[in-house]
Amino acid sequence: MELQILDVDYVLVDEKPIIRIFGKNPEGVTVCGFYEGFSPYFYSNSEKVGKVLETDSGVVSIQKTAMRFVDKDEQAYKIITKNPAKTPEIRTKVMSAGIGAYEADILFRYRFMNDFGLGGLCWIQTDTIPISTNTVKVEKTFKLSNLKRLDKIIDAPMKIVAFDIECVSETEIMPDPKKDPVILISFAFNTDHQGKKELVLSTRPANGLKAFDSEKEMLEGFINIINSYDPDIITGYNINNFDFPYILERMRKLGVRSSFGRCNTKPVMDKKVGLNYKITIPGRVSVDSFAIIKKDYSLVRYGLDFVGEKLLGEKKVDVKKSQIAKYWKGNQKDFDRLVYYSKIDSVLALNLVQKLNLLTKYFSLSKVAGTLLQDTLDGGEATRIENFLLREFNKDGYIFPNKPGDAETLSRQTKAKIELKGGFVLEPKKGLHSDVVVFDFKSMYPSIMITFNICPTTLIRKREGVDKNTVFESPSGAWFLKSEIKQGIVPKIVSELMSRRAAAKKKQKEATDEFLKTSLYGEQWALKILANAFYGYFGYARARMFDLDIANSITSFGREAIHQAQSMMEGRGFEVVYGDTDSLMVKVGVDDLEKIRGLASNVSKEITEKLPGVMELQFEKVFKRFLPLSKKRYVAWKFEPTNTGWDEKLEMKGVETVRRDWCLLVSETMKVVIEVILKENDIKKAVSYFKGVVGDLVKGKIDINKLVITKTITKKPENYDGVQPHVELVKKVSARGIDVGVGDRVGYVIIKGMDILSRRSEDPNYVVEKGLELDSNYYIENQLLPPMERIFTALGISKSELLGGGRQTGLFDIIKNGGGKKTLKEIGLDSMSGFVCKKCNQFYERPPLIGVCSCGGDFLFSSKEGYAEALVIN
DNA sequence: TCGCGACGGGG
DNA sequence: GTGTACGTCGCGA
């Protein structure tokens, strides 16, 4: 039989662990296979381990093995134990005897998968003997033997359900599962369930929903529906940190067993880890679409209403969170609205997963790294790297160290902060540049690891007796054995990942089947992500293989390479205007895109030839216009070469154009200004556009909707410590009879007045109604200017010049020596002349309209004839 | 500039 | 369950 692995765990039968594999067959039928006879084990470095564990009844056997340690050439002792859950006790015993324990914290299911060459979502072929059991809610159950990994790419069909709960609290704050009941549960199915795509449960009857007499019965109903639909994946929006913990707490309170996993003996569990909950559903996978979207999309806000509209174009009905209690207790129409609202939430959560293919990435990552889908979703990059590395190190006869404890992690963190040096960043050359060619090192850090054979197994820890000719010395001073002496495992893995990626990319190009194409795209993407993550892994304090010598060697080789490339560029007479870690921005003195393409490809080839190993410099793109703001921050008009021509786009690095605490006017103005500068190459126009906006603001000609700043009320107004505009507004409007509850979003504008800023927030509608005047100065100084100033400063335009009024220059009058009023021309000023601040010597071609320097100083008038007192009047 | 505490999402 | 798992922003020093 063939099956794709969805989840793996184990159960104890007669004190022996039996591995369970929950999976799908090619038709999408759920299967559960049992594997007996696999025992937990770990390693030790000392023969004393035999003595220490002599009388331990949990130990099956201790044998000397051929397995070696990464940092010392000694053979390891393998301790086979009976019970995975009791192995930590044995580990502690070993460690407190002062000897080492290795791989003593590998989860049993991962120990099994690694030893059998299996992983999350991989396909396997296995011999089966049907068995009957009432321990799992799976129709087809087998004993497994002869497990073999298959090279299948297409996934089995998966069943997905999204759910959403509603509950109300007595008070105005967030409901508390300790006392507040669940009132409504909605579902959305990806395949019909009993002829329906959606379903709503409630303890209040209504048309089109399933009503229950009590909350307890409704929760049992929830469990029944999940079990009868039998989804592989349960999703929802923020379910990991709200719906699941809430509903599980209610079940505990009401004495309902949370058995909606595929196992009858193991309930669904939630465990608080730090601030977040981790949900375990035996045999199924919990997918929180909110968590994925937060990770994979860069948005201003992540509320379901905003996300649904932005990413799906699907609007959510507007039900104020604080009004839910009213709808719940209200008339039938009110209640219907609540039911509809809840249903849409489930549908949206499901649509996000399906229409945005949120899972594709994580499926690929699971398959490449071997982590189970649930762990790929919940865990970080290090989890995946580590699982992948464990297998590869074991294959080559190496043993992995344990994870560091808290104390060790902390000391590593502080050490890394001080000692770990990153990539080299060139000081950008000021100004607006045209026709800049961007070169970069292809997979720089992976290439370095391969080229210089960088690996924990090749790092020389004792130099005595090592011939320097047999090693690569990194610029940071570490030694690594050359690959002809000993091939490192990490470089081998990384190079395999890279060639597998090349192969997947090639297959993807040739593939005609859409499913296959998508899968292959995901595969090559995951391979790239994994290969690129190795560097970070060695500098990550919680990593089993944390090693600053390795991390620093990688970055130091990187800095050396970028310097080499820079001087080779300069040696060709090109000007390097900027560079960061693995990229160089270069002016080659050519402005035709096609000519650049030819020239840049040649240059990168020539330079690559002179680079060591597999290091490769490639021509990446052209910046028709490039404006660096500072290190790591720039805006550019990018042209990317394609097979047929060029892809044109604006590129912004480290520059925010949207921020949640900015009003719409800021992002709009920024977009226009940046576009005028980059595409039209017209700085004057950009300045006058900006001045125009400022002028309109002063004159009150800007649409008030563009000036609204929105924030969420997170607690009751009286519970806030400081003074915040949106909270002050809530206090104001509630006095006018408008109530705003916790969780509601509040939009406000800042009006003119004497009070402190935070108390000058006002309801936009009220402002319009009463004809109040907005504080244009606030919008200029606190909203528009901070981001805009950064851009204009990069162009050599100062704040005072920017604020030089909305009028054209040349209209001002000047009174010389307090004498008669004269215009510029009458005084005989030519273009070489200007104004100098008496205090700070700042030079101005044209004085700002405020009449004094930005430092507050008065002006001297400078011309060929000399200096004169200048009084600037507007 | 750095370091620490407060949100975020959900009802 | 052989489990340790944020990330960003704003504020005050």
Side-chain angles (χ1 to χ4, degrees), chain A residues 9-12 17 39-42 58 79 81-92 101-112 164-169 171-177 180-184 236-247 266 269 271-278 280 282 288-291 293-295 298-299 301-307 319-325 327-328 338 341-342 345 349 375 377-383 402-406 409 417 542 656 659-661 711-715 720-722 724 741-744:
Chain A
D9 68 357
Y10 77 96
V11 280
L12 280 181
S39 296
Y41 64 86
F42 66 96
I79 299 104
T81 62
K82 287 180 183 165
N83 184 345
K86 290 194 174 149
T87 305
E89 290 172 25
I90 302 169
R91 171 184 71 197
T92 310
Y102 293 77
E103 298 191 8
D105 53 3
I106 312 287
L107 264 46
F108 189 55
R109 56 172 193 259
Y110 278 104
R111 182 85 272 173
F112 170 79
D164 175 49
I165 65 166
E166 308 298 328
C167 34
V168 276
S169 65
T171 55
E172 276 173 50
I173 52 170
M174 276 294 274
D176 175 5
D180 302 318
V182 177
I183 54 170
L184 220 145
Y237 206 75
N238 203 23
I239 47 170
N240 281 359
N241 283 306
F242 183 74
D243 302 63
F244 267 136
Y246 200 102
I247 207 167
K266 284 187 188 174
M269 305 273 280
K271 197 164 209 177
K272 200 163 187 172
V273 180
L275 264 166
N276 293 316
Y277 284 91
K278 158 111 187 72
T280 314
D288 190 337
S289 46
F290 164 64
I293 285 172
K294 208 169 49 165
K295 263 194 264 179
S298 172
L299 303 172
R301 275 181 282 131
Y302 292 91
L304 184 53
D305 50 349
F306 183 82
V307 168
V319 169
K320 270 195 182 176
K321 301 288 191 183
S322 58
Q323 304 296 303
I324 287 177
Y327 288 113
W328 171 241
L338 184 63
Y341 164 82
S342 172
D345 274 13
D375 298 327
L377 288 159
D378 295 344
E381 201 60 59
T383 318
N402 290 336
K403 281 191 181 168
D406 282 349
T409 303
K417 208 174 253 176
R542 288 190 200 280
E656 290 167 301
R659 254 175 66 166
R660 61 167 67 211
D661 54 347
K711 272 191 178 162
T712 309
I713 296 291
T714 53
K715 42 190 173 183
Y720 278 88
D721 287 336
Q724 288 187 46
V742 176
D744 292 345

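Chain A is the first sequence line, chain B the second, and so forth, proteins listed ahead of strands; every chain is numbered from 1.
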Pick the nucleotide of DNA chain C nearest each of A:Lys711 and A:Asp375; which residue has the one closer to the 5' end? A:Asp375

Mind checking the CG-NZ spacing from A:Asn238 to A:Lys294? Nearest 0.5 Å is all I need. 7.5 Å

Residue mapping more 5' on DNA chain B - nearest nucleotide basis, A:Lys417 or A:Asn238: A:Lys417

A:Ile293 CD1 to B:dG10 P, in whole Å, measures 11 Å

Describe the nucleic acid contact of A:Asn276 in one word from base, sugar-phosphate, nothing, applying a heavy-atom distance below 4.0 Å. nothing

Contact class for A:Asp305 vs. all strands (heavy atom < 4.0 Å): base, sugar-phosphate, or nothing? nothing

Atom CG of A:Leu304 and atom C1' of B:dG10 are separated, to the nearest Å, by 10 Å

Quick one: label A:Tyr41 by what it contacts on the DNA or RNA (base, sugar-phosphate, nothing), any heavy atom closer than 4.0 Å. base

Heavy atoms under 4.0 Å, any strand shown: does A:Ile90 hit a base, just sugar-phosphate, or nothing? nothing

So, taking the atom named CH2 in A:Trp328 and the one named CD in A:Glu166, what distance separates them when rounded to the nearest 0.5 Å? 10.5 Å

Tell me what A:Ile239 touches on the nucleic acid: a base, only sugar-phosphate, or nothing, going by heavy atoms under 4.0 Å. nothing

First locate atom OH of A:Tyr341, then atom CG of A:Leu184, and finally report the distance between them rounded to the nearest 0.5 Å. 11.0 Å

Take A:Ile183 and A:Val168, measure what side-chain contact (heavy atoms from CB on, under 4.5 Å) needs, and give me the verdict at the end. CA-CA 7 Å; A:Ile183 54 170; A:Val168 276; 4.1 Å; yes

Between C:dT2, B:dG10, C:dG3, which nucleotide has the shortest distance from any of its atoms to the side chain of A:Tyr10? C:dT2

Out of C:dG3, C:dT2, B:dG8, minimum distance to the side chain of A:Lys278 belongs to C:dG3

Distance in angstrom units between A:Tyr110 OH and C:dT2 C1', rounded: 14 Å

Using a cut-off of less than 4.0 Å, is there contact between a side-chain N or O of A:Arg109 and OP1 or OP2 of C:dG1? yes

Is it the case that the side chain of A:Asn240 and the backbone of A:Tyr277 share a donor-acceptor pair, with hydrogens and angles ignored and the cut-off at 3.5 Å? no

Give A:Tyr341 one of three labels, base, sugar-phosphate or nothing, depending on what nucleic acid heavy atoms sit under 4.0 Å from its own. sugar-phosphate

Could you give the CE-to-P distance, from A:Met174 to B:dG8, as a whole number of Å? 11 Å

Just call it for A:Tyr302: base, sugar-phosphate, or nothing, with non-hydrogen atoms closer than 4.0 Å on any strand. sugar-phosphate

Taking A:Asp105 first and then A:Lys403, would you say they form a salt bridge - that is, a charged N and a carboxylate O separated by under 4.0 Å? no

Base, sugar-phosphate, or nothing: which does A:Ile324 touch, judged by heavy atoms less than 4.0 Å apart? sugar-phosphate

Looking for any heavy atom pair under 4.0 Å, which part of the strands does A:Pro88 touch: base, sugar-phosphate only, or nothing? sugar-phosphate

For the side chain of A:Thr280, counting heavy atoms from C-beta on, which of B:dG9, C:dG3, C:dT2 is nearest? C:dG3

How would you label the contact of A:Val168 with the nucleic acid (heavy atoms, under 4.0 Å): base, sugar-phosphate, or nothing? nothing

Please work out if A:Gly380 contacts a base, only the sugar-phosphate, or nothing of the nucleic acid, heavy-atom cut-off 4.0 Å. nothing

Does A:Val11 offer a backbone N or O that forms a donor-acceptor pair with the side chain of A:Lys266 under 3.5 Å? no

Looking only at side-chain atoms of A:Leu107, point me to the closest of B:dG9, B:dG8, C:dT2. C:dT2

Residue-phosphate contact under 4.0 Å: A:Lys403 side-chain N/O, C:dT4 OP1/OP2: yes

To the nearest angstrom, the CZ-P distance between A:Arg301 and C:dC9 comes to 15 Å

A:Tyr277 OH - C:dC6 P separation (whole Å): 15 Å

Could you give the CG-to-C1' distance, from A:Asn402 to C:dG3, as a whole number of Å? 13 Å

Rounded off to whole Å, could you give me the CG-to-P distance for the A:Asn241 and B:dG9 pair? 13 Å

Considering every strand and a 4.0 Å limit on heavy-atom distances, what is the contact class for A:Asp180: base, sugar-phosphate, or nothing? nothing

Between B:dG9, C:dT2, C:dG1, which nucleotide has the shortest distance from any of its atoms to the side chain of A:Tyr237? B:dG9

